[in-house]
Enquirer: 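Handing you a structure now.
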Amino acid sequence: MNPPNFDSPIQNLLQLTSDLRSPEGCPWDKEQTHRSVIPHLLEETYEVVDTIEKGDDNHLKEELGDLLFQITFHSQLAKERGAFDFQDVASGVFQKLVYRHPHVYGNKAGIGTGEEVLTQWDQLKQKEKESKGILPTNGSLLSEIPKALPAIQRSEKIQSKVTKQGFDWPSVGGVFQKFQEEIQELDTELQKKGSLTSKKLPYDERIEDELGDLFFLLVNLSRKLSIDPETCLRRANEKFESRFRLLEGYVAKTGKTLKDHSLEELDTYWDLAKEELRLKFLNQNNMDSK
């Protein structure tokens, strides 16, 4: 068959998606289901995030296209079941966004900050659910939070939900103090299990519980500090990776492997890497300010 050649790029993409699923289409695409392509949907989403953080517009355009194809593919699967199609998806989100932005498409009075917009958004979202007869499962506000979300993101959603109901520490200090208490509780459990000088301790469920409490509190502290915890951890990962790549470069120049060096030597290279990146950051800032 010939590729679609409509005037509209969206129409071309929709027809291509339909072609791939047709009897004469692609064997792999014809085998797929909503569930089977979940990993691809997640992968494309993370690749979009990665290109945004890199500031790479060329690749961002490409990755957004890949993500758009995931949406058209799921819409095609639903269309084949007679559930809905891409037009229904686009129409639904359009109507929803118009409804949830009355300060743009209606009365602008009373909305002057982003925080006020979010408050209004939640109120309108709740009204939508009530009008559709959608009630929380088992009466819980938390039941609507997808369990499939990554743990950090779900933790953030949970804490955001309960905070809006007034269940929250009144200050940053309260969270920080609780965090220190939890560290002490973890230390107590670690001391019961063995010496902290051990290279690695065996699994213990109680230690896992205490460590989980720390992770949960870190997410809460991030929220209190107006920092996205997922972004914060990704930046920490990137920082570590940048330093370690430099460390690998220093080691390669010696003609030896990482394992050939002592921990003290590797620490020295690590400090060199930190300093090199610090100077690079300062030079970049000086260039940007000119």
Side-chain angles (χ1 to χ4, degrees), residues 8-11 13-14 34 41-42 44-46 48-49 51-53 55 57 60-61 63-76 78-79 82-150 152-172 219-220 222-232:
S8 166
I10 287 293
Q11 194 172 358
L13 181 59
L14 292 173
H34 285 295
L41 175 62
L42 293 173
E44 297 300 350
T45 301
Y46 285 122
V48 167
V49 173
T51 55
I52 289 174
E53 292 183 338
D57 284 340
L60 176 58
K61 178 178 65 176
E63 297 300 343
L64 285 173
D66 291 341
L67 183 58
L68 178 58
F69 174 69
Q70 291 295 315
I71 296 171
T72 62
F73 196 87
H74 279 282
S75 299
Q76 176 64 30
K79 181 179 180 181
F84 57 83
D85 61 17
F86 181 82
Q87 300 301 327
D88 296 323
V89 173
S91 176
V93 72
F94 170 79
Q95 293 174 18
K96 178 169 66 176
L97 290 175
V98 168
Y99 173 74
R100 293 188 187 178
H101 289 82
H103 51 290
V104 176
Y105 297 107
N107 181 14
K108 298 184 179 182
I111 299 295
T113 66
E115 189 66 31
E116 290 170 340
V117 169
L118 291 178
T119 299
Q120 176 183 254
W121 178 280
D122 288 335
Q123 293 171 345
L124 293 172
K125 185 176 180 180
Q126 186 60 34
K127 287 182 180 179
E128 285 178 19
K129 292 180 178 179
E130 292 173 356
S131 67
K132 297 175 182 178
I134 300 176
L135 300 175
T137 304
N138 299 325
S140 174
L141 291 169
L142 305 181
S143 60
E144 62 188 57
I145 302 175
K147 292 186 179 295
L149 284 174
I152 288 181
Q153 189 176 357
R154 190 163 192 270
S155 177
E156 187 180 22
K157 291 284 187 183
I158 289 172
Q159 296 183 44
S160 178
K161 281 282 186 183
V162 301
T163 294
K164 291 172 183 176
Q165 304 303 314
F167 191 67
D168 188 22
W169 275 280
S171 68
V172 175
V219 173
N220 203 328
S222 298
R223 182 180 56 82
K224 284 286 193 182
L225 299 176
S226 302
I227 294 173
D228 176 66
E230 183 70 26
T231 301
C232 183

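Note that the structure is a prediction, hence the values are computed from the model and not measured.
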Enquirer: Quick one, Leu142 and Val162 - any side-chain contact, counting heavy atoms below 4.5 Å?
Expert: yes
Enquirer: With side chain to side chain donor-acceptor pair (under 3.5 Å) as the test, pick out the partner of Arg100 among Gln123, Gln120, Glu128.
Expert: Glu128
Enquirer: Does atom NZ of Lys224 have more than 12 heavy-atom neighbours from other groups under 6.0 Å away?
Expert: yes
Enquirer: Would you indicate whether the side-chain heavy atoms of Asn220 and Trp169 approach each other to under 4.5 Å?
Expert: yes
Enquirer: Table please: side-chain donor-acceptor pairs of residues 87-98 below 3.5 Å, with sequence neighbours left out.
Expert:
residue, atom, partner, partner atom, Å
Asp88, OD2, Asp85, N, 3.0
Ser91, OG, Gln95, NE2, 3.1

Enquirer: Quiz question: by atom type and distance under 3.5 Å, do the side chains of Gln159 and Ser155 form a donor-acceptor pair?
Expert: yes
Enquirer: Would you please classify the geometry between the His74 ring and the His34 ring as parallel, tilted or perpendicular, with 30° and 60° separating the classes?
Expert: parallel
Enquirer: I'd like to know if the side chain of Gln153 reaches the main chain of Pro150, judged simply by a donor and an acceptor atom lying under 3.5 Å from each other, with no hydrogens or angles considered.
Expert: no
Enquirer: How long is the straight-line distance from NZ of Lys61 back to OG1 of Thr51, given to the nearest 0.5 Å?
Expert: 12.5 Å
Enquirer: CD1/Ile158 to OG1/Thr163 distance, rounded to the nearest 0.5 angstrom?
Expert: 11.5 Å
Enquirer: I need the Tyr46 OH to Leu41 CG distance, nearest 0.5 Å.
Expert: 10.5 Å
Enquirer: Closer than 3.5 angstrom, by distance alone: can the side chain of Arg154 be matched with the main-chain N or O of Ala148 as a donor-acceptor pair?
Expert: no
Enquirer: Nearest 0.5 angstrom please: Phe86 CZ to Leu13 CG, how far?
Expert: 7.5 Å
